[in-house]
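In what follows, a single structure is set out as structure tokens and then discussed.
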Amino acid sequence: MAAAAAAAAVTVSSAGSLLAMLQEPEPELKLHALACLNSLVHAFWHEISTSVSSIESLYEDEEFDQRQLAALVASKVFFHLGELNDALSYALGAGALFDVADDSDYAQTLLAKALDEYAAIRSGAAGEEKTMDPRLEAIVERMLDKCILDGKYQQAMGMAVECRRLDKLEAAISRCDNLHGALSYCINLSHQYVSHREYRLEILRCLVKIYQTLPNPDYLSICQCLMFLDESDTVASILDKLISGSKTIKQAVEMRNSVCHSATICSNAIMHAGTTVDTFLRENLEWLGRATNWAKFSATAGLGVIHRGHLQQGRALMAPYLPQNGAIGSASPYSEGGALYALGLIHANHGEGIKEFLRESLRNTSSEVVQHGACLGLGLAALGTADEEICEDIKNVLYTDSAVAGEAAGVGLGLLMVGTASEKATEMLAYAHDTQHEKIIRGLSLGIALTVYGREEEADTLIEQMTRDQDPILRYGGMYALALAYRGTANNKAIHQLLHFAVSDVSDDVRRTAVLALGFVLYNEPEQTPRIVSLLSESYNPHVRYGAALAVGISCAGSGLSEAISLLEPLTSDVVDFVRQGALIAMAMVMIQTNESYDSRVGAFRRKLEKIILDKHEDTMSKMGAILASGILDAGGRNVTIKLKSKSKHDRLTAVVGLAVFTQFCRQLSRLRPHQSRCQQPSCQHMPRRSLGQRRMRRARPRRRLRRRHLARTLLLHLLPCRWMALLQKRRLPSQSRRSSS
């Protein structure tokens, strides 16, 4: 029969005679006609299509022995007619005659169609329950088995993930020669292409199970999967078995005031974050003493940035400024509040040794400024622990309805319960509706957003409530909730929502924050952000332009991405002062750890910052942005960069949260600026002793210190009165005379 069909393919110039044979009563003639038509259908499908009903009737005839062949011919005809649904339906009826190994366009197109149909049913994408056709399942099974048998393991793993067949995924991995490579490929596959959180976690659990069955388990990869699964206890137990010693200290820091005096102190703190180098502050105590109220609070908190992570000495360093025995001492309440906040910065995410002192200080004070600092300090020290006792202490402060203390209590609760999706968020939202204080509402809106960090679809209900609220401040918080819930996922739904609010909301605050939030959603794909916000950066609305600048700064932080720099350059010369401010800070975030040899625009940007800082006629907003940008460029002694993801592609919770809180610097919450240092990550390691590189580094250190001192002195001299400039010049004279005499 096959030989006859092949001969027919050579000699037949029309399918008419074969179609006539389908009307004959003898089954052998019908079978011969179908076999010939099957080989000729690609050439005569237009002619055969006129009699497709006859072929369909043969398939529907229960007494016809070759129903599957009739289904195959009908399937090919419908394929050429462009009716893929009918083509697939008859291909399923063809059973084993439909060859999954066929490389023709027909087979490959229908296989792709079958795979999509199967995956849609398995994932319930249609929105209603559909019964799985066993014939469809059989074809997909054959496809997966063939890929595994042919050694196309990556293709099999990709199809298994798409079809939600974890049994086939496990089979493909177990058959693979390079097990570790296959497991690593699956981890990347789950993060890049699986948008549904619960299914992604299910894949990771499957991978952990496979890892644990290996003769020599890869504990690093196991711990990475467990971290994504938020199974911290299991990670801790594994690490306890493998290593001894203390956990790596994470970086943590914050930011505050918006005047140039506070900006200078803050810039200095960022420049020396984690270095314990507080020389600038010690040498200018009298100048610092001129700070009053919240400027004094920020100056004291800046010490926490400089000494961050030094847990053993933290309390001793801050002792002169702390409340005595947990009560208000003789010092200024602003210094005491700043000191409690600084303790939180020093002990952020490692607060076991300081939480009780902070709680005692919070309970024993009636000063709203001290309560402000204690709430922020407690939130940082107990970051993400959801400690019930601490939560009650902060809620008691919140319910006093004090604007100053309640603002920090809202943020503190968010820090305490970050990523927990706690029911407390509903209570916070209810209180935000009850209170009349805008500051408290703003603090609570940010705090609520922090609670849904990384929860993705689970946070949709709360996000919907916030984004539909009549209060623009709560809608503003809803934008942050969207940003943090879908951080680094590049989720299309979240992007569409944010773009919708960016162009349609009546509040400039909400529009600005919606654009800014795109940076958090897209930081895993930084090259996409400039393209997405390019039109928004040219908007008539300055708030939208400001948000576009910071979105690029957040998403492309530490990348030195040329497209990002090109988009930000015109915004640094915008006609509106606060747009220039945001663009300068965003540019510094992109350019951190980038030098002139990599991009010549870095040098031009540094000179621009110096010009803005020294220009007496420059407006305050731009000058503040330039001062903060200078600190970010030289952060951590030029030895840190901004990273929102670790090398193993984990989201750095402290970094993302820190950057989210830092972006409040343009609002009344500007005292939260020190959080910027929590985004920092060391960019290099020490070289081996006595190496040539180390000797070069040692020779370079004095020059680096001189550069930092020169920048700090430039900022200081610009802000000091002339009599102070003269005094500083006198201090320099002895050293200059010694150099000249030598």
Side-chain angles (χ1 to χ4, degrees), residues 88 91-96 98-102 107-108 110-231 234 238 456-457:
L88 177 59
L92 297 178
F98 181 77
D99 187 5
V100 296
D102 186 5
Q108 294 302 310
L110 289 194
L111 285 174
K113 176 74 175 173
L115 199 65
D116 290 342
E117 189 79 13
Y118 184 84
I121 295 173
R122 292 279 295 183
S123 63
E128 58 182 14
E129 288 293 323
K130 281 190 176 181
T131 305
M132 179 68 70
D133 189 332
R135 300 174 303 169
L136 177 63
E137 191 161 28
I139 282 186
V140 173
E141 291 257 10
R142 285 160 54 199
M143 289 168 61
L144 289 167
D145 291 339
K146 183 181 182 302
C147 286
I148 294 172
L149 290 173
D150 292 346
K152 299 177 181 178
Y153 299 115
Q154 287 193 354
Q155 186 176 345
M157 287 184 278
M159 288 194 295
V161 167
E162 185 178 2
C163 295
R164 299 191 173 219
R165 290 295 301 269
L166 297 185
D167 56 332
K168 294 296 181 182
L169 177 66
E170 193 170 347
I173 294 172
S174 61
R175 292 284 297 272
C176 187
D177 296 328
N178 183 5
L179 274 175
H180 291 286
L183 287 164
S184 178
Y185 175 77
C186 287
I187 291 173
N188 292 332
L189 204 65
S190 67
H191 291 313
Q192 292 179 17
Y193 299 106
V194 180
S195 59
H196 193 273
R197 181 171 179 268
E198 290 302 321
Y199 178 49
R200 186 165 63 244
L201 298 182
E202 192 177 346
I203 293 173
L204 291 174
R205 291 189 191 97
C206 175
L207 298 179
V208 168
K209 184 178 73 173
I210 298 171
Y211 268 122
Q212 291 172 335
T213 60
L214 299 179
N216 298 306
D218 183 353
Y219 287 109
L220 176 61
S221 298
I222 292 173
C223 288
Q224 288 174 0
C225 291
L226 291 171
M227 286 173 67
F228 284 117
L229 291 168
D230 200 24
E231 295 182 13
T234 313
I238 291 174
E456 299 183 29
E457 300 92 348

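Keep in mind that the numbers below use all heavy atoms, side chains included, and drop hydrogens, waters and symmetry copies.
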#### Entry: Between CG on residue D150 and CG on residue D145, distance to nearest 0.5 Å
10.5 Å
### Task
Kindly compute the distance separating CG (L149) from CG (L144), expressed to the nearest 0.5 Å.
11.0 Å
### Message
The criterion is side chain to side chain donor-acceptor pair (under 3.5 Å); which residues satisfy it with K152, sequence neighbours excluded?
### Response
none
### Message
If I compare all heavy atoms of H196 with all of E457, which pair ends up nearest, and what's the gap?
### Response
CA-OE2, 3.5 Å
### Task
From the options I210, L169, V161, select the one residue that forms a side-chain contact (heavy atoms from CB on, under 4.5 Å) with C186.
L169
### Query
Given side chains that start at C-beta, do those of C225 and I187 come closer than 4.5 Å, heavy atoms only?
yes
### Message
Could you tell me if R200 sits above the aromatic ring of F228, with its cationic atom closer than 6.0 Å to the ring centre and no more than 45 degrees from the axis?
### Response
no
### Query
Which residues pass the salt bridge (charged side-chain N to carboxylate O under 4.0 Å, His left out) test with E141, sequence neighbours left out?
R165, K168
### Query
With sequence neighbours excluded, what pairs up with Y153 under the side chain to side chain contact (heavy atoms under 4.5 Å, CB included) test?
I148, M157, R175, C176
### Query
If you measure from SG on C147 to CE on M143, what distance do you get to the nearest 0.5 Å?
6.5 Å
### Message
I want to check something: taking the side chain as every heavy atom from C-beta on, are I173 and Y185 in contact at a cut-off of under 4.5 Å?
### Response
no
